[in-house]
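Working notes, beginning with the structure itself.
Throughout, a chain's letter reflects where its sequence line sits, starting with A, and its residues are numbered from 1.
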2 protein chains.
Amino acid sequence: MNAPHFSTKQRILDSAESLFARHGFAGASLRQVTASANVNLAAVNYHFGSKENLINEVFRRRLDSLNEERLSALAAVLKKSKFSIEDVLGAFVRPALALSLADDGGAGFVRVLARAFAEHNERLRKFLHDNYSHVLKQFAMAFAQVLPGLDKQELYWRLDIVSGALTYAMADFGVIKRAAGMSEQRHREMAAEHLIAFAAAGLRAG
Amino acid sequence: MNAPHFSTKQRILDSAESLFARHGFAGASLRQVTASANVNLAAVNYHFGSKENLINEVFRRRLDSLNEERLSALAAVLKKSKFSIEDVLGAFVRPALALSLADDGGAGFVRVLARAFAEHNERLRKFLHDNYSHVLKQFAMAFAQVLPGLDKQELYWRLDIVSGALTYAMADFGVIKRAAGMSEQRHREMAAEHLIAFAAAGLRAG
DNA sequence: ATAAGATTCAAACGATCGTTTCATGCCCTG
DNA sequence: CAGGGCATGAAACGATCGTTTGAATCTTAT
């Protein structure tokens, strides 16, 4: 499945990501993962300790850079003297959308993310909260700044819908075919505009 | 777990629904289900044939009545001389929201629905398509009527986001506490208004 | 009351799960 | 070249999975 010149750890992560996206965390077995990665079954426990830790590392590998990009995009927005809901949403959406349209395994990872949203697994939620809650907090502050009339609880409630909706949408986005003759770059930009307009309208509504 | 005066089949369906919502279809075992339902392990295969068929029946039990209510609400909307996006959305949202706020196991089922959205399980999707695609088609026609400027492909794309977002939102809705002193009735109506306004804004955007 | 059918039960089936063990191969440094 | 540390290999561990079996029990109708 995977080219043999990548390291064992990387090939395991790639296969795990793809199989978790397709069959879920409980539904994909370590034997499927190691067979797809062309490595020995014991390699997972040797390199990662346990299946649970492998799941965490699948997230960490992509989320570290994804959230870095989101935060730096947000920082660029915040530096402007005036910024809109669309600006903040763009900082959130565009890095993830680039991932979901990447030709490496990024599309699979966004589907894994959507699964993590649907699952209410306690330990997975704790891992995500422990490692990445500061990102959501930063964005919540930015949204509060640009939606001054909204009380805090209502804002969190709407952000929850928006992030869930966007994650769902982006998870399915890799499947949607782009019109013939449209460049990948233009296709992504149109998708981002749609998603942002959609979410912005939702945030302003009411 | 379940009162013994309900039938074995019903208790199995109730327990399965709750456990599928919490642990997923692959994550919840038939031993957990039957233990929670206080029935013998073999009862599942006796009454349902297989785990896969049990999953289907969990859906069928709720979706039959849910989609009936959705279609009759939609029929009432279509009878009016003029109707809005909000009217059509209301026919889609209110029956499901009532389910997610019901004091029987309905809240669990909406979480099961959200899981089915996240999973791309081939056989489950085929089952849902075979049994309930006519409902989505009816709503798509109504939306097309009320959004005349939108081309068909763009409409389907937005409906996909909207139904995903709404399902996700309603799945988490049972968790959200309502303000003290607010009646359950009023709470549901406020939630419906929020969701409808949110989705309508999204559908109109762009 | 008794035969016939429907349901429940304990027990076991083979398959597969995550994990562990220990032997073997590899590369690198002394 | 010898040896120590990391990596991989085949094989097996006990646990749990969905499913099946056949006897025990309950229900129903004649």
For B/Glu154, salt bridge (charged side-chain N to carboxylate O under 4.0 Å, His left out) partners two or more places apart: B/Arg158
Residues in salt bridge (charged side-chain N to carboxylate O under 4.0 Å, His left out) contact with A/Glu68, at least two apart in sequence or another chain: none
B/Tyr168 and A/Phe117 aromatic ring geometry - parallel, tilted or perpendicular at 30°/60° bounds: perpendicular
By side chain to side chain donor-acceptor pair (under 3.5 Å), which residues pair with [X], not counting sequence neighbours?
X	result
B/Glu57	B/Arg60
A/Glu52	A/Arg123
B/Asp104	B/Arg62

For residues 131-139 of chain B, please give each side-chain donor-acceptor pair under 3.5 Å, one per line with the distance, not counting sequence neighbours.
unit_1: B/Asn131; atom_1: ND2; unit_2: B/Phe127; atom_2: O; d: 2.7
unit_1: B/Tyr132; atom_1: OH; unit_2: B/Asp64; atom_2: OD1; d: 2.9
unit_1: B/Ser133; atom_1: OG; unit_2: B/His129; atom_2: O; d: 3.0

Under-4.0 Å side-chain N/O to phosphate OP1/OP2 contact, B/His47 with C/dA6: no
Phosphate contact (D/dA7 OP1 or OP2) by A/Thr8 side-chain N/O below 4.0 Å: no
Footprint string (nucleotides 9-21 of chain D, 5' to 3'): B base within contact, S backbone only, - free, heavy atoms under 4.0 Å: BB-B----BBBBB
Watson-Crick and G-U pairing of DNA chain D written in dot-bracket, each distance under 3.5 angstrom, with | for inter-strand partners: |..||.||||||||||||||||||||||||
A/Phe83: partners by ring-ring contact (aromatic ring centres under 6.0 Å, His included), with sequence neighbours left out: none
